[in-house]
Asks: 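First, the structure itself, so that you have it in front of you.
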Amino acid sequence: MVNSTSTIIIVITYLVLVFGISIYANRHGGKTTKDFFVATNSLGSFVIFMTSMATAFSAFAFMGQIGQVYNFGGSAIFNFMSYGIISYPLFLLIGKKLWYFGKTFGYVTPADFVAHRYQSNGPSRILIGLIIGVYFSIFYIVIQVQGMSWAIQEATGISTAVSTAIICIVLVTYISIGGIRGAAYVDVMQAALMVCGSFIIAIVAIYKNGGIGPLYVAMDAVRPDAMIPKQNMLPMMTGSLVMALSMPIWPTLWVKYYSAKNLKANANVAAGCGLGTVAITVSLPLIIVAGIIIAYPTWEAAMADRLVIRYVLDYTNPLIAAIIVGSLISAAMSTAAGLLLLISSVFTMDLPHVLPAEKREKISQESLLRFAKIISVAVVAICFFISLRPMGQLVTIGISLTYPGYLLALPIVVGGFYWKRANKQGMISGLVVGLIVIYYTTFINKNPFGIAGGMWGFVICSIVFVVVSMMTAPTEQHVLADFGLADSMEKTKENYSKVVEQV
Amino acid sequence: MTRYEEFYHYNLEPKRIKREKTYFIAFCIAAIVFILIVKACYLNFPTSKVGGIPVFNLLVWGVIMSHYLIFTIYLGFKMYDIKGEKEKDLL
């Protein structure tokens, strides 16, 4: 256990800053749901850069990747290389359209775009909102909460239940105070903290072993095969493609496009996430894991995620250890905050669409905001109870299907931008068949022919989406005109002359 | 600038569309080359000889960092025509 005085001081300082920033954001923001969830499209380049970096860099990247490299050697690094090369150019291509249409038509949730483009309120909000947005994301909050709880527990020795409760209370309080604006401002601090934390761990590993050369000599003496890739090539490569292709439309990043003030800020979603990946997750794990292998040559594979915390607590002085624990909490907190806001927005903004329009219009902004905060508390309470229990089948399904599930939205989004024949029936059938296929190829017949289940889901979803769209009636011209896909540009001109009123 | 002109500027302007198409083609080529590089790295991963992994680490990091700086930052921002965007904001 770390000197608890240092830890307590660091944690209290961190909490004071988090709450202070959230209160500042609350005073400077509007009191509408649009401000609470997408900051009324007003976040500038620097804030978007930092919040994107913080959102993408989660407890999974901080702890999980180290555990993966420890268990599987260098092949685990290739997963993250895919992000660096494939994800970020796609961010720029997809992000511009989502930013522009989001700002023009006032979108708040990912399902808003799909519902508008495909003229399909109910199915879009259930498939994109509830299943892909909520079900696949809620367990990611659980992972983040568990990561933070482990860190506090290891550092202070307090029980799992108490550390988890502290994390949950902090999370829900600062989100309720500041909404996405508060979360984004806090992320500026958290991103800086987590980058520093990662570099400090790598420097400690090098310093303790007398330089980078001696570090690998020592690792070689302890475990000569430590870094040899241990995953099969085809599942590893196709699995990493699934992760990389899905990232530009992760729902938490999707709403960042909506939040951007202008095109430059929107470009910084890619720049922020990209820098986090290339500077930290690709370059540092081999160094950090080499240090960890020297310290702990054997370790239970299932517990490898905790190694990085154990290492800093055992091999650094109490103050540095406390700072690194703080940076780990930051990494997990920022991702959990983004996901919590997303889930809250689905319940607050998507679900009321099941009500008749006249009833929906009577709901005041104050009531919706209050409801959003109640939902946040409820979601965090559910995450609290799930995180205290062993991962059950439902949780396993949620986590295993997260990236493949997100990826199913890619053909729907791209088709919606560029293909006039893309329609509601194609979208619904593609998503439903895709979900069935990824369930089958993930749990029943795992990775057929060595190709990752998510890739099967993506390909089959795309084929069904195209075939069914071609076989059914096209979307109405007045809707296509909003996206510049109508047969005549006159209709687009007419629609855009009315846009101010629509917003 | 009217709403339609703004829509045209971001979505239909021929120069912007040409830049996006070129960027997309370059992205596809880079992605294919990258997949081949990953395959080569996987098959020829250094066998923990001293110098092997640090050099490999540096090489991989250099490739990824160069790609980020050139492709995402320089070419990506050029595709967006960020310089011309500085003063613009939506209506």
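Order of the sequence lines sets the chain letters (A, B, ...), proteins ahead of strands, with each chain counted from 1.
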Asks: Under a 4.5 Å heavy-atom cut-off, does chain B meet the side chain of Q231(A), its backbone, both or neither?
Replies: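 Only the backbone of Q231(A) comes within 4.5 Å of chain B.
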Asks: Would you check if K493(A) and T2(B) make a side-chain contact, meaning some heavy-atom pair closer than 4.5 Å?
Replies: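 No, their side chains stay 4.5 Å or more apart.
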Asks: Shortest non-hydrogen contact from P89(A) to F71(B)?
Replies: CG-CD2, 3.8 Å
Asks: Where on I73(B) is there a heavy atom nearer than 4.5 Å to chain A: the side chain, the backbone, both, or neither?
Replies: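 Side chain only.
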Asks: Closest heavy-atom contact between Y68(B) and A271(A)?
Replies: OH-O, 2.6 Å
Asks: Side chain from CB out, backbone as N, CA, C, O: work out which of these in R19(B) comes under 4.5 Å of a heavy atom of chain A, or both, or neither.
Replies: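 Looking at R19(B), nothing touches chain A.
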Asks: Rounded to the nearest 0.5 Å, what separates atom CG in L263(A) from atom CD1 in I82(B)?
Replies: 4.5 Å
Asks: Any side-chain heavy-atom pair from L93(A) and M79(B) closer than 4.5 angstrom?
Replies: yes
Asks: Between Y496(A) (side chain only) and E6(B) (backbone N and O only), is there a donor and an acceptor less than 3.5 Å apart?
Replies: no
Asks: Ignoring hydrogens, what is the shortest heavy-atom contact between A31(B) and I86(A)? Give both atom names and the distance.
Replies: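 Smallest heavy-atom distance, with atoms named: CB-CG1, 4.1 Å.
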Asks: Supply the atom-to-atom distance L485(A) CG to N11(B) CG, rounded to the nearest 0.5 angstrom.
Replies: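 If I round to the nearest 0.5 Å, the distance is 9.5 Å.
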Asks: Considering only heavy atoms, which portion of M233(A) lies under 4.5 Å from any heavy atom of chain B: side chain, backbone, both, or neither?
Replies: both
Asks: Rounded to the nearest 0.5 Å, how far does CH2 of W61(B) lie from CG of L286(A)?
Replies: 13.5 Å
Asks: Give me the ring orientation class for F7(B) and F101(A): parallel if the planes are under 30° apart, tilted from 30 to 60°, perpendicular past 60°.
Replies: tilted
Asks: Do N495(A) and R3(B) come close enough that some side-chain heavy atom pair is under 4.5 Å?
Replies: no
Asks: So which residue, L275(A), T492(A), I287(A), T277(A), ends up with the most heavy-atom pairs under 4.5 Å with chain B?
Replies: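 Between L275(A), T492(A), I287(A), T277(A), the count favours L275(A).
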Asks: Counting heavy-atom pairs closer than 4.5 Å to chain A, which one of F27(B), Y23(B), Y80(B), F24(B) comes out on top?
Replies: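 Most pairs with chain A among the choices: Y80(B).
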Asks: Where do L92(A) and G76(B) come nearest, in terms of heavy atoms and distance?
Replies: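 In terms of heavy atoms, the two residues are closest at CD1-CA, 3.5 Å.
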Asks: Between I37(B), L75(B), I35(B), who has the most heavy-atom pairs with chain A when the cutoff is under 4.5 Å?
Replies: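 Answer, by heavy-atom pair count under 4.5 Å with chain A: I35(B).
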Asks: If you draw a 6.0 Å radius around OH in Y207(A), do more than 12 non-hydrogen atoms from other residues or ligands fall strictly inside?
Replies: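 It does not: Y207(A) OH has 12 such atoms or fewer within range.
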Asks: Less than 4.5 Å apart, any side-chain heavy atom of M489(A) and any of L12(B)?
Replies: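 Yes, their side chains come closer than 4.5 Å.
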Asks: So does Y10(B) get a backbone contact from the side chain of K96(A), meaning a donor-acceptor N/O pair under 3.5 Å?
Replies: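 A pair under 3.5 Å: yes.
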Asks: So for atom NZ, which belongs to K39(B), do other residues, nucleotides or ligands contribute more than 12 heavy atoms lying within a distance under 6.0 Å?
Replies: no
